[in-house]
Amino acid sequence: MCAIFGTLGDFSRQKQYQAFESLQHRGPDEKSIYESENLFFAHHRLAIVDAKHEQISHVSGVHVAFNGEIYNYQELKKVLSEYPFTGEGESELILAAYLTWGEACVDRFEGMFAIALWDSSKQKLLLFRDRLGKKPLYYYQGKEGFVFSSEIKAFTMLGLKLSRSQPAEQSFVSFQTALAPYTFYQEISALQAGQMLTLDKGRVSLEFYDDILPKQLLQSWSPYDFKELVMQSVHTRLPKANEAVFLLSGGVDSSLLCAIAQEAYASPIQTFSLGYEGDSRYDETSYAKEVADYIGAKNERIVYTFEDFKEDLEDPFKWTDQPLNDPAIFPLAHLFKSIRAQSDAKIVMSGEGSDELFLGYRPYKELAEIELLGQFKHKSWLKNYFLKHPDDHREWEWYRRVLEDEILFRSSAESFTPKQKAALLSLKDQYDVGFETIHNYYKSYRSCGIEDPLLWYRYIDLKVHQSDYFLLKLDRVSMHYGIEARTPFLDETLVKKTLQSEGSLFLDAGIHKKMLKELAKEYLPLSIVNRKKRGFSYPFITWLEEAGGFKTIRQLNEKHKIFDAKVLKGYLQQAAKGGYKQHVFGIYLLLRWVEKH
C-alpha cells in the first residue's frame, strides 16, 4: 500500500519534491522517482510483498505507478508467463498487462488499486481507480499542466491557485461528504470508483470501465455457495504467516471475519477493540472479548477518552485533508495509532461493507415498504395532503418523494433533507447540489434492467456510503499510520454475486443480513449472532459541547454567516437534548473548514 504522485507540465522541481514528501506516511519503506522533461512520476511504498522491488516500472517508454493490491496477481502472472518478470512487484505485472491488452488490462485486475500509466509513444496518461473505490486518486488540470495524487495535501504544496468549492460544501451538508468528483477545492477532482481517466494531447476524458451492476439475477444461490465465496474472500486477503491484526467490535461482521481467519492459523490471531471512558452505553468491548475467548484469539482493549477527543478537535482534518462528517474517525484514528505503537503488523483486517452489501441497516426494510406507496391507485389525494402539511422530519420527505415519483433512497449517507438544508442555508429552493451524481447512478441502475429497490439500495450505498464515506475514512486513517487496511466483505466477486441475488436472501421477515447470520451461526455463539445491532458510536456530541464546540459554532457562524442563525439555534438546542447529533457535528466541521481556509 502506497502513495502515487505525478505531474505533467511546467512545475517547480522543489515544490514537486515537497508535495511528494508530504505523502511519505502512506509508504514509509521506500520511495522511487522517475523524471524526464515535463514528467515527474513518484511513489512511496509500504512494503508488503517483494520488499526490494521498486514500484515505478518502465519499459518501452511506458511508465507505471501503483497503489494497492492485485489479489489475482499470481493467476495473471501465469497468463503473462512470456514476459521477463524480474521480481514479485505488482507494478511490473500491470506494465506487462498493459503491453499485452492495452487499456482493457484493468478489466483483468481484482483488488484495490489506484494506477497511473504514462505511455510516452502515444503521449497519453491513464488513471484507474478500483471498482469499489477502496484506493483514492485525485487530479488537477490547469495552465501549469496536469497533477495526480493519492491525497489532496500534495496539491496544496505545489503553489497552485485553489479556491473553495460551493458544490462540495453543499454536497457535504446533504451527504456528509464531498461526493466524487467534487472535492472541497474547486480545481481538484476525485476519480470515481470504477472510473478511468485519459489525458490525451491535453484533453481529459472520463469513462466507467465497470459499475458493478448485474445484467441478470442468479437463478439460485445456495448457503454452501455463499459460504465458499465468503471463505475465499477472507483467505485471499490473509497473509501466509499470521502477520495481520484484526479490528473486532463484537458485532457479527467483524466477529465472523475473525473466526474464519482464526481457523486458518495455528497460533492465536491478534484482535483490537475500542472502548470509551465514562459511558458504558457505547462500550462494546465485553462482546469483543466474548468472541475472542470463544474463537481462541488474543484481544487488546484500547480506550478513547474525552482528553483524546479534545486533542483531535485541534485539527479535525489532519487525516482527510477536508471535512468528513463521521465522528467515528477520531476514535478510529486513535485505534490505528495504538495498533502502530503496539504491533509490527502492516496489515489490518476490517469488516467494512457488510451492512451495505447484506442489507444490515434498519431503514432498508422501512424504505422498501414505503416504496409500495408509489403503486397506490389514489395517491394524488394523499400527495396533495402531504404537500399542504409540510414537515421537517426525514419521514415526511420520504413519503413526499414516493408520492411525487422521485427517487426515495439516496444512500445511507444522506443527512439533511433538501427542505432542512434549504432552511439552514437560506436557499430559495431545495435543489440538491451533488444530487446529479446520485441521478447518474440511478440511470445506470435503471439501464441494467432489474427493477428491485433492494438492488438500488445496495448499489448506491456501495457507491456513496462506502466509496465516498467509509472507505475514504478507512484509507486515510490507516495510511496515516503506515498500515494497509483490507476489507474481505468488499471482494469484487462477492459483491457482484451478492448484487445478482434477490434481496430477500438477506432481508426476510424482518431479519437483516439473514444469509450472513446463518453462516455466522457455524462460527459464533448465538448471543453474538442474534444481538441487536449497535452503530460504532460514542458520546461525541456531549463531548463536543463540553469542549466548547457549540460556542465555536455560534462564533464562527456569526463571523462567516454560513447558516441561518435562527435555524442553527434550533439545531443546537435539539443536539443538547440528544437529537440531530451528527447534523450538528457536520455543521461544526464545515465552519471549522471555512475558518481554516
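The shown structure was predicted, so the numbers you read here are calculated from the model rather than taken from an experiment. We count residues from 1, following the sequence as given.
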Measure the acute angle between the ring planes of [X] and [Y], then classify it against the limits of 30° and 60° as parallel, tilted or perpendicular.
X    : Y    : answer
F585 : F309 : tilted
Y140 : F155 : tilted
W593 : Y185 : perpendicular

Legend entry - Check: T236 side chain, Q232 main-chain N or O, donor-acceptor pair, under 3.5 Å: yes
Inset, instruction - Identify, with sequence neighbours excluded, every residue that meets side-chain hydrogen bond (donor to acceptor under 3.5 Å, both in side chains) alongside Y83. - result: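 Here no residue qualifies.
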Legend entry - All side-chain hydrogen bond (donor to acceptor under 3.5 Å, both in side chains) counterparts of R237, not counting sequence neighbours: D491
Legend entry - Which residues share a side-chain contact (heavy atoms from CB on, under 4.5 Å) with A114, sequence neighbours left out: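 Once residues adjacent in sequence are excluded, the partners of A114 under the side-chain contact (heavy atoms from CB on, under 4.5 Å) criterion are I4, N67, K135, L137.
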Side-chain donor-acceptor distances from residues 346-353 under 3.5 Å, at least two apart:
from : atom 1 : to  : atom 2 : distance (Å)
K346 : NZ     : D29 : OD2    : 2.8
K346 : NZ     : A47 : O      : 3.1

Legend entry - Candidates E21, Q14, Q16 - the one meeting side-chain contact (heavy atoms from CB on, under 4.5 Å) with Q18: Q14
Inset, instruction - Among residues two or more places apart or on two chains, list those pairs meeting side-chain hydrogen bond (donor to acceptor under 3.5 Å, both in side chains) that have a residue in residues 329-344. - result: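 Every pair satisfying side-chain hydrogen bond (donor to acceptor under 3.5 Å, both in side chains) with a residue in residues 329-344: there are none.
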Could you list the donor-acceptor pairs under 3.5 angstrom formed by side chains in residues 98-105, with sequence neighbours left out?
from : atom 1 : to   : atom 2 : distance (Å)
Y98  : OH     : D119 : OD2    : 2.7
T100 : OG1    : A96  : O      : 2.8
E103 : OE2    : K124 : NZ     : 3.1

Inset, instruction - Take D312 and Y304 through the test side-chain hydrogen bond (donor to acceptor under 3.5 Å, both in side chains) and record every step on the way to the result. - result: CA-CA 11 Å; D312 290 335; Y304 188 68; 2.7 Å; yes
